[in-house]
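Heavy-atom basis, side chains included; hydrogens, waters and symmetry copies ignored.
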Amino acid sequence: MANAALLYENLADVGDITVSTEESVMPGSLLQNPHVQKRWRSTSNSDYLIVDLPSAVAVDVVALLGLTVAAGATIQLRASASDATVT
């Protein structure tokens, strides 16, 4: 049986957040709010979110919590736009 770990560290809190679109009362900066009911809302059907961290870090879990998408939606995750050594 694998070991379980419960922890919380939101690396997005120290990163620069960029979103493609946002509602005026639900901006991308809400992704850095610790209250889980504070959300970013986009204004179109095809959007992106960029979290630019200040340095390279090891990441083993990425969670998009409270996400509302259509049943056939596609979600893509790219760990780096410039580092070819990212696995």
>> Is there a side-chain contact between Ser42 and Val19 in this structure, where contact means two heavy atoms from C-beta onward sitting under 4.5 Å apart?
In response: no
>> Do Val51 and Ile75 land in one hydrophobic cluster if side-chain heavy atoms of ILVMFWY residues count as linked below 4.5 Å?
In response: yes
>> Once side chain to side chain contact (heavy atoms under 4.5 Å, CB included) is applied, do any residues pair with Val59, and if so which ones, sequence neighbours excluded?
In response: Leu11, Val57, Val62
> For Thr74, which residues count as a side chain to side chain donor-acceptor pair (under 3.5 Å) partner, sequence neighbours excluded?
Replying inline: none
>> Checking Thr43 now: which residues fulfil side chain to side chain donor-acceptor pair (under 3.5 Å) with it, not counting sequence neighbours?
In response: Thr21
Using distance only, find each side-chain donor-acceptor pair of residues 26-34 under 3.5 Å and give its atom names and separation, not counting sequence neighbours.
unit_1: Gln32; atom_1: NE2; unit_2: Ala12; atom_2: O; d: 2.7
unit_1: Gln32; atom_1: NE2; unit_2: Gly15; atom_2: O; d: 2.8
unit_1: Asn33; atom_1: OD1; unit_2: His35; atom_2: N; d: 2.8

>> Taking transitive links into account, so neighbours of neighbours count too, which hydrophobic residues share a cluster with Tyr48 at under 4.5 Å side-chain distance?
In response: Ile50
> Which heavy-atom pair separates Ser20 from Ser46 by the least distance, and what is that distance?
Replying inline: OG-O, 4.4 Å
>> What's the separation between atom OG1 in Thr18 and atom CG in Asp16, rounded to the nearest 0.5 Å?
In response: 7.0 Å
